[in-house]
Amino acid sequence: MLDLLVPFLLALLPIIWLVIALCALHMEAWLASFTSLAVCAVVALTYFGMAPVNAATAALEGFLFALWPIVIVIIAAVFTYNLTVHTGAMDVIKQMLTSVSSDKRVLTLLIGWCFGGFLEGMAGFGTAVAIPAGMLAGLGINPIIAIVACLIANGTPTMFGSIGIPTTTLATITGIDPITLGGVQSLQVALFVVACPILMVMLVGGGPRALKGVLPITLAAGISFAVPEILAAHFISANLPDVVASVVSLIVTFVMALRTRDREVPEEYRLSIPEAAEAITVKRALVSWSPFILIFVVLLLTSKLVPFIAEPLSSIATKATIYSGEGAATLTFTWINTPGVLIMACGIIGGIIQHCSFKDMLKVLGDTCKQMFKTILTMLGVLGMAKIMGYAGMISAVAAFFVGTLGGMFPLVSPILGALGTFVTGSGTSSELLFGNVQVEAARAIGVNETWLAAANSLGTSAGKMLAPQSIAIGCAACGLSGKDGEILGKIAPYAFGFVIAMSALVYVGAVMGL
């Protein structure tokens, strides 16, 4: 046992330091990630015997993989959102969403669940908590309740957030086909997707009695998200499940809300919403939504569903081998048919449609890069660390310990590892990079379906996202609740832990059944 324990503890040392740096020392995420990278390099060079040139090229591979395609997606997605704020289009979108009901339960579904899911699918990185929570608080919902509701909503879409970057990243590092992986992920998370709107309504309404009168629309909001997500993951790509699902759910929930808006809302659930200053025409609505409509259409047309477009564009790519040691991966840099480039192009075209000057667009882009700079540094540090851990054998050491001590019970901890990774880093993508290969290696050792356990890591990121200090801090900042992080953590913790327990049971049963 000692021969497994020592390498296990040393292999986990960079992650342990990351937890201490973030949670105990309250170090900024980018600094914590780079100091963890340094710890990782020292352990790899000393105990695991990695050559210095191999450690350097492994880190470089991680940096390059972070920059393309991950960072370009982050910048493009957040730029598109910021541009809609700059042009005033986001105000129109908000007005449309709040025009259908004065019931805070229904508005929580529309804004926190449907629109929040759309923002997670398009941009991620806190937008799906900050924006909906700020909107709900602005409408009169208790800001702490608004933040907790949006944290619940932001959990399940994490794996397909930011145009599917967590899933495509996991597929890349594990070698699993992204469509196959996404299909399994969507099935694992389906029950939790349906549960989230129910929990949100109960939260904002003060208990189970809040479901009275809105149970049909609540169930519809969840089911109309879960089913399209499964279909999109199986038949389109890993980039679009959140986007497709949130659009369908938004339409279904919006229509059902319109059909019931003449019903009297009980006083305890009624909000006072000011009349709109200006009516929204179809043209104005289409102009406001144009960047997101374009992104949806373009990503659909360049997906595997349309091979005569996707394949020629995907062939415009460069392959490179960066790592200098044995077992080096080949990186593929796709220059056109990659979500970041396509989203950026759609954002610019949408800005033109919204009559935004190129000068203003450049300013918004510059401001976005400044806004995301520390997030980019964090991604570089985490990816560099993940690559060194993988090539040095540190990931294998972690897997060997869990398999050696847990054996066939390992699937019980699969979602817990995913949750831990997201809690520590605040990023589903980072969690996949830290523990994705641990899941695959463990699956091989105990004879379980590799895709099932890889997907389980993504499932766990959902619960971890709810608890992540970064997510809570973003919500507090959006609602002006500085210093309330601890209170919110206490309120969201039961939901997150409940999800982890249920997820662990689901994954274990599935592994036993041979799924």
Side-chain angles (χ1 to χ4, degrees), residues 23 97-98 103-120 124-158 161 189 192-211 214 217-218 221-222 225 246 249 253 268-269 271 419 422-423 426-428 460-503:
C23 301
L97 292 173
T98 56
D103 190 324
K104 66 180 180 181
R105 299 167 297 177
V106 175
L107 288 173
T108 298
L109 292 175
L110 281 169
I111 297 172
W113 175 248
C114 302
F115 189 51
F118 183 77
L119 288 171
E120 179 64 25
F125 295 93
T127 57
V129 174
I131 297 157
M135 290 169 65
L136 291 172
L139 291 171
I141 292 177
N142 180 298
I144 290 179
I145 297 298
I147 294 169
V148 174
C150 291
L151 288 170
I152 293 172
N154 191 223
T156 52
T158 302
V189 81
F192 301 96
V193 169
V194 176
C196 278
I198 296 173
L199 294 173
M200 293 169 70
V201 167
M202 290 169 59
L203 174 69
V204 299
R209 61 189 177 85
L211 292 168
V214 293
I217 192 172
T218 304
F225 197 109
S246 58
S249 184
T253 309
E268 60 185 317
Y269 306 128
L271 295 174
T422 311
F423 170 74
S427 164
T461 64
S462 306
K465 191 75 168 181
M466 293 184 196
L467 283 172
Q470 294 92 322
S471 297
I472 294 172
I474 287 169
C476 288
C479 296
L481 293 179
S482 178
K484 294 288 185 179
D485 302 56
E487 182 177 351
I488 293 169
L489 179 62
K491 289 185 178 296
I492 192 62
Y495 296 96
F497 291 140
F499 269 43
V500 167
I501 292 169
M503 289 168 176

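Just so we're clear, the structure is a prediction, and the values are computed from it rather than from any experiment. Count residues from 1 along the sequence.
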Pairs of donor and acceptor atoms involving the side chains of residues 128-150, under 3.5 Å and at least two apart or interchain, shall be tabulated with distances.
| unit_1 | atom_1 | unit_2 | atom_2 | d |
| --- | --- | --- | --- | --- |
| N142 | OD1 | I144 | N | 2.8 |
| N142 | OD1 | I145 | N | 3.3 |

Roughly how far, to the nearest 0.5 Å, is [atom2] of [Y] from [atom1] of [X]?
| X | Y | atom1 | atom2 | result |
| --- | --- | --- | --- | --- |
| M466 | I492 | CE | CD1 | 5.5 Å |
| C196 | L151 | SG | CG | 11.0 Å |
| Y495 | I152 | OH | CD1 | 4.5 Å |

Can you name the side chain to side chain contact (heavy atoms under 4.5 Å, CB included) partners of [X], sequence neighbours left out?
| X | result |
| --- | --- |
| I501 | none |
| V500 | I416, A419, A463, S504 |
| A493 | L467, F497 |
| T218 | L109, P197, I198, V201, L211, V214 |

Looking only at heavy atoms, which two atoms of [X] and [Y] are closest? And how far apart?
| X | Y | answer |
| --- | --- | --- |
| G112 | M200 | C-CE, 3.8 Å |
| P157 | A153 | CD-O, 3.0 Å |
| S246 | C114 | CB-O, 3.6 Å |

Verdict with supporting geometry, T156 and F499, side-chain contact (heavy atoms from CB on, under 4.5 Å): CA-CA 10 Å; T156 52; F499 269 43; 4.3 Å; yes
Salt bridge (Lys or Arg N to Asp or Glu O under 4.0 Å) contacts in which one or both residues fall within residues 195-209, not counting sequence neighbours: R209-E268
Checking side-chain contact (heavy atoms from CB on, under 4.5 Å) for the pair S462/M503: CA distance, chi angles, key distance, verdict? CA-CA 10 Å; S462 306; M503 289 168 176; 3.9 Å; yes
Has the side chain of [X] got a donor or acceptor atom that lies under 3.5 Å from a matching backbone atom of [Y]?
| X | Y | result |
| --- | --- | --- |
| T422 | K465 | no |
| W113 | T108 | no |
| T461 | G428 | no |

Would you say that F115 contacts L110 through its side chain, given a criterion of any heavy-atom pair below 4.5 Å between the two side chains? no
